[in-house]
Amino acid sequence: MNNSPKIPSDETIIWRYMGLDKFLDLLLNDTITFTKASIATDKNEIKWILKNLEETDEYKTHSEGAIKYIEKIRETSYISCWTMKNKESRPLWATYLDNSKQGVAIKTTVKNLMNSIEWDDFGFSYQIIDYRSNFTFEELQSLNIAINTKNPAYVEESEVRFHIFCEDSQLPDRPEFEEMKKFDQRKLRKRAKNGKTVKFNINLDSLVSNIMISPFCSDWQRKNIERLIKDYHPELINRIFESTIKE
């Protein structure tokens with residue numbers, strides 16, 4: 001049985017909920033940020049599989065090597081997380097907005113996201129996150145499974161994960177990773193100057209299908225966000241639409 005996480009279709013609709021700070025970075029700098037997995041909010045990011053194997057005999061025998069393997073993946077992987085939910089999600093607003101309640105949700109498709117980013121020949125992958133708690137030790141050898149499985153407590157996110165590798169030495173010696181090994185990862189390591197994030201240029205006109213402003217913004221906050229969009233990316237002003245939440 002193949003338990004490997006699936007690849008979404010090009011036409012899959014995805015959303016990104018973000019606070020005002022991240023939206024301003026996107027809007028003013030035309031860049032998208034990928035974050036190192038080891039500093040993600042979920043402290044079990046990319047090590048959930050390992051946590052669920054701790055009681056197995058194989059883990060007790062090979063724990064030192066397994067821990068080093070997973071930690072290297074966490075330290076050299078950068079991710080951008082989107083949701084496949086077709087409808088607006090109040091829990092996701094709550095998760096991604098700070099105390100100011102200001103922010104937006106951006107709607108696009110998998111294909112539009114891929115085509116709008118200037119990847120500069122860097123290797124990337126994207127999968128639908130598999131939320132589960134049952135693993136075999138053999139699955140630990142699958143980079144795809146290690147990176148794209150998560151605690152079922154987060155299933156509400158319905159995540160599609162875009163992932164880039166910071167070191168080609170991270171990749172196993174298997175045919176499916178040969179193409180990724182051809183990319184110049186030294187450029188990527190140089191780009192990750194602070195060690196925490198990697199930024200790529202992005203074409204917002206190609207990316208954005210719609211922008212939904214947080215329903216928890218006050219009127220003046222909403223007007224300020226609209227003004228920023230009009231000033232920096234006027235082509236997007238007609239793509240703003242209303243939240244369905246009224247509180």
Side-chain angles (χ1 to χ4, degrees), residues 2-19 21-23 25-26 32-52 70 73-98 103-117 119 123-135 139-140 142-166 196-200 202 207-212 214:
N2 183 5
N3 291 321
S4 185
K6 303 298 188 292
I7 297 175
S9 71
D10 285 355
E11 302 310 315
T12 299
I13 293 172
I14 53 176
W15 291 79
R16 179 71 184 269
Y17 290 75
M18 62 184 73
D21 57 338
K22 289 184 173 59
F23 180 58
D25 185 37
L26 184 70
I32 185 170
T33 300
F34 283 66
T35 303
K36 184 191 288 189
S38 63
I39 65 168
T41 302
D42 177 7
K43 302 307 178 186
N44 283 320
E45 199 69 82
I46 303 187
K47 64 179 180 180
W48 177 246
I49 183 173
L50 201 61
K51 188 172 183 62
N52 284 273
I70 289 297
I73 295 174
R74 281 167 49 80
E75 290 297 323
T76 57
S77 294
Y78 291 76
I79 57 177
S80 178
C81 306
W82 298 67
T83 178
M84 291 193 306
K85 283 190 171 296
N86 286 326
K87 296 182 179 179
E88 183 178 11
S89 169
R90 191 186 189 286
L92 290 181
W93 281 123
T95 298
Y96 289 102
L97 298 185
D98 59 23
V104 305
I106 291 177
K107 179 182 179 182
T108 188
T109 65
V110 167
K111 182 179 181 179
N112 286 349
L113 176 58
M114 288 191 296
N115 290 343
S116 64
I117 296 175
W119 297 103
F124 69 94
S125 64
Y126 57 100
Q127 268 86 23
I128 299 170
I129 293 297
D130 185 9
Y131 300 91
R132 59 185 170 106
S133 299
N134 297 316
F135 300 91
E139 288 180 313
L140 187 60
S142 168
L143 191 64
N144 188 16
I145 292 175
I147 291 172
N148 298 300
T149 51
K150 200 165 181 176
N151 187 339
Y154 292 90
V155 69
E156 175 67 24
E157 295 176 350
S158 298
E159 182 183 337
V160 173
R161 172 168 297 177
F162 288 78
H163 167 257
I164 53 176
F165 303 91
C166 196
K196 296 180 180 180
T197 60
V198 174
K199 293 180 181 291
F200 291 93
I202 191 166
L207 170 71
V208 176
S209 299
N210 292 111
I211 300 174
M212 182 185 294
S214 164

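Met84 has its side chain within reach of Ile128: a pair of non-hydrogen atoms, C-beta onward, lies under 4.5 Å apart. The side-chain heavy atoms of Ile7 and Tyr126, taken from C-beta on, include a pair separated by under 4.5 Å. You'll find the side chain of Trp15 reaches within 4.5 Å of the side chain of Met212, heavy atoms only. Put simply, the side chain of Leu113 reaches to within 4.5 Å of the side chain of Ile32, judged on heavy atoms. Between Ile106 and Leu26, some side-chain heavy-atom pair lies under the 4.5 Å cut-off. At a threshold of 4.5 Å between non-hydrogen side-chain atoms, the residues Val110 and Ser9 do not count as touching. When side chains are defined from C-beta on, Lys6 does not count as touching Gln127, because their heavy atoms never get closer than 4.5 Å. Looking at Tyr154 and Ile129, their side chains never come closer than 4.5 Å, going by heavy atoms from C-beta outward.
A salt bridge does not link Glu156 with Arg90: every distance from a Lys NZ or Arg NE/NH1/NH2 to an Asp or Glu carboxylate oxygen is 4.0 Å or more.
Once rounded to the nearest 0.5 Å, the distance linking NE2 of His163 with OG of Ser80 reads 12.0 Å. Between the NZ atom in Lys36 and the CD1 atom in Ile79 there is a gap of 12.0 Å [rounded to 0.5 Å]. Atoms CD1 and OG, from Ile46 and Ser38 in turn, are 8.5 Å apart once rounded to the nearest 0.5 Å. In this structure, OG on Ser142 lies 8.5 Å from CG on Asn148, to the nearest 0.5 angstrom. Taking CG of Leu140 as the reference point, atom NZ of Lys47 lies at 13.5 Å (rounded to 0.5 Å). Taking CD1 of Ile39 as the reference point, atom CZ of Arg74 lies at 10.5 Å (rounded to 0.5 Å).
Between the side chains of Glu88 and Trp93, a donor-acceptor pair is found at a separation under 3.5 Å. In this structure, a donor-acceptor pair under 3.5 Å is absent between the side chains of Thr149 and Asp130. Looking at Glu11 and Thr109, their side chains never bring a donor and an acceptor atom within 3.5 Å of each other. A donor-acceptor pair shorter than 3.5 Å cannot be found between the side chains of Ser209 and Lys107.
In terms of heavy-atom proximity, Ile49 sits nearest to Ala146 at CG2-CA, 4.2 Å. Scanning both residues, Asn151 and Tyr131, for their nearest heavy atoms gives O-CD2, 3.4 Å. Of all heavy-atom pairs between Ile164 and Phe200, the closest is CD1-CE1, 3.3 Å. Between Leu207 and Trp82, the closest heavy-atom pair is CD1-CH2, 4.3 Å.
Of the possible polar contacts, none joining the Thr12 side chain to the Pro8 backbone as a donor-acceptor pair under 3.5 Å is found. Between the Asn112 side chain and the Thr108 main chain, no donor and acceptor come within less than 3.5 Å of each other. Remark: side-chain polar atoms of Arg161 are paired, donor with acceptor, to backbone N or O of Ile147 under 3.5 angstrom.
Shown here is Asn134, whose CG atom has no more than 12 heavy atoms of other residues, nucleotides or ligands within 6.0 Å. Surrounding NZ of Lys85 are more than 12 heavy atoms belonging to other residues, nucleotides or ligands, all under 6.0 Å away.
Taking the six-membered ring where the residue is Trp, Tyr96 and Tyr17 present parallel rings, their angle staying beneath 30° rather than reaching 60°.
Not less than 6.0 angstrom separates the ring centroid of Phe124 from the ring centroid of Phe162.
Residues passing the side-chain contact (heavy atoms from CB on, under 4.5 Å) test with Ser133, sequence neighbours excluded: Trp48, Asn52, Pro152.
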Working note: Arg132 + Ile145, criterion side chain to side chain contact (heavy atoms under 4.5 Å, CB included); need CA distance, chi angles, decisive distance, verdict. CA-CA 11 Å; Arg132 59 185 170 106; Ile145 292 175; 3.8 Å; yes

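The salt bridge (Lys or Arg N to Asp or Glu O under 4.0 Å) contacts involving residues 142-151 comprise Glu45-Lys150, Lys150-Glu157, Lys150-Glu159, where partners must be two or more places apart or lie in separate chains.
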